[in-house]
Amino acid sequence: MLRTLAHAQSHRHPRLCKALSTHPSPADLSTTSQTTSIDWKLRGGKKSGRNFIDRMRCTAIGGRGGNGCVSFFRDVFVPRGPPNGGDGGGGGDVWLEVDENETSLSCVKQQLRAHHGTNGGGKSMHGSRGADLVVKVPRGTMVREIVQVEEQKQKPEAAARKQNVLEEETSDNGFLDDLQVQLEREERRRGSDKASLFVHYPRWEDRNDLTAVRIPPEIKSYLWELRNPTPLVTDLTTHGQRFCVAAGGLGGPGNPHFNAPNDRQPHYALKGLPGHTRILDLELKTIADVGLVGMPNAGKSTFLRAVSNAHPRVAPYAFTTLNPYIGTVDYHDAKQLTIADIPGLVPGAHRNIGLGHSFLRHVERSSVLVYIVDVSRPEPWTHLEALQRELELYRPGLAGRPSLVIANKADAGEEAKRNYELWRGVISPLVPLIPVSAKYKKNILKATYEIRRMLEIQD
Ligand SMILES: Nc1nc2c(ncn2[C@@H]2O[C@H](COP(=O)(O)OP(=O)(O)OP(=O)(O)O)[C@@H](O)[C@H]2O)c(=O)[nH]1
Ligand SMILES: [Mg+2]
């Protein structure tokens, strides 16, 4: 091939040169085959049926409040009746709600928007409130707000401004300016050039003198909250638990709110206020009583199938399981406990070999860890040590959790039996060691009762 390439080059045959030079050399092939990454499996997307997401970032935007209305009572002999403009409806909130049937964050969209409130109308008709957006999330979702760097820098300033605002409480003009700036910014963001915070009666824009207007206190405190939000941090752990991540904006008050002794005919009302906008980091840390940890192909999924109602895939190759699975174990006295099966760990997972440590967060909250070790392989105790080392590198102290070892594949010939005897007698493990054949469901009952006993000690 080299001679052909040299010949093609010497005769300046461009197409042949290109075809021959793109042909992989043995050296190239050897480096490709050494690649340990299994990213291609994870990238399979819908084709491989994998749509499990356990960490994501999304933006929650509360609905905008509706505008207040400017209107007056009119009747046959009442040409200048009292103001009767309705208030705008509040914007909808964005809520996260725990649903134990959800297993992944894949159902959460990148942008979560609640509905806007509708505008108030004449004859004291208030606008309706915008509908809330309720997003279902799995049990164990942790919510953390990402605070923008610019905002963080402004923090000391914000404290100083709070003081100023408190001092300005008596005169509304300072606050009015702030409100103006806030609403103008919102208008600009929406591409509108009509930057006005008030709704005016037709042709009254120039005649309305707004310098002495008193802003209702609830609008003031809402605006204060909007400009100085407290960062959200929460952990959603129980079924049905709800958490508001972005509150909707307040509806603008109608013109009766501005009725004052010196102005019985207010020809203005306030516009609705924008809702909160929050950037959230959602992280799913599965909540199961027991976590299964083991090397790939050790039989974790087979064990879960044997003891619970879950049906994870089982196959004789590494990294069959790519998502965590939760199974429920039923005992004869109606007691139940949950077990989480996660993808296999390999030595060096902390260097992102295999699937790395990314799935260990799903056993982090388990009170008992069950190591599944393939006892038919030589020196199985070294596997246990490697697993414990990886757990310790992921989170110091995690390997010290109450745990037991399932010596799986105990049915697999003389080698397995010898390894088990050696492990039990000579090496004497520090944690309980139970021989099991998950495939043929042998000694399963003993294993499940031992797991239950360990859990009860914790309680
Ligand atoms: N002989 C025997 N084979 C078993 C036993 N348990 C599991 N196996 C086999 O071991 C292979 C791997 O089993 P899995 O349950 O997929 O292993 P895993 O630990 O979940 O593997 P990953 O998901 O890739 O991490 C399968 O071919 C099983 O049939 C057992 O007790 N005895
Ligand atoms: Mg598996």
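When a ligand or atom number is given, it counts from 1 through the structure's own listing order.
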Can you tell if the side chain of Arg57 reaches within under 4.5 Å of the side chain of Ile279, non-hydrogen atoms only? yes
So, applying side-chain contact (heavy atoms from CB on, under 4.5 Å) with Met454, which one of Val370, Val431, Val368 is it? Val368
Using only atom types and a distance under 3.5 Å, with no angle test, would you say the side chain of Asp87 pairs donor to acceptor with the backbone of Gly251? no
For Val134, is there any backbone N or O sitting under 3.5 Å from a side-chain donor or acceptor partner on Glu97? no
Could you list the donor-acceptor pairs under 3.5 angstrom formed between side-chain atoms of residues 293-301 and any protein atom two or more places apart in sequence or on another chain?
unit_1 : atom_1 : unit_2 : atom_2 : d
Lys300 : NZ     : Met295 : O      : 2.9
Ser301 : OG     : Thr321 : OG1    : 2.9
Ser301 : OG     : Asp341 : OD2    : 2.8

Salt bridge (charged side-chain N to carboxylate O under 4.0 Å, His left out): pairs with one or both residues in residues 360-380, sequence neighbours excluded: Asp54-Arg361, Asp235-Arg365, Glu283-Arg361, Lys285-Glu364, Glu364-Arg395, Asp374-Lys409
What residues sit with at least one heavy atom under 4.0 Å from ligand 1? Met295, Pro296, Asn297, Ala298, Gly299, Lys300, Ser301, Thr302, Val314, Ala315, Pro316, Tyr317, Ala318, Phe319, Thr320, Thr321, Gly344, Asn408, Lys409, Asp411, Ser437, Ala438, Lys439
Which protein N, O or S atoms lie under 2.8 Å from the Mg ion (ligand 2), given by chain and residue number? Ser301 OG, Thr321 OG1
Counting the benzene-type ring for Trp, do His276 and Tyr222 have ring centres under 6.0 Å apart? yes
Short side-chain to backbone donor-acceptor contact, Thr320 and Val314, under 3.5 Å: no
Report yes or no: does Ser104 contribute a side-chain atom to a donor-acceptor pair with the main-chain N or O of Ile53 at less than 3.5 Å? yes
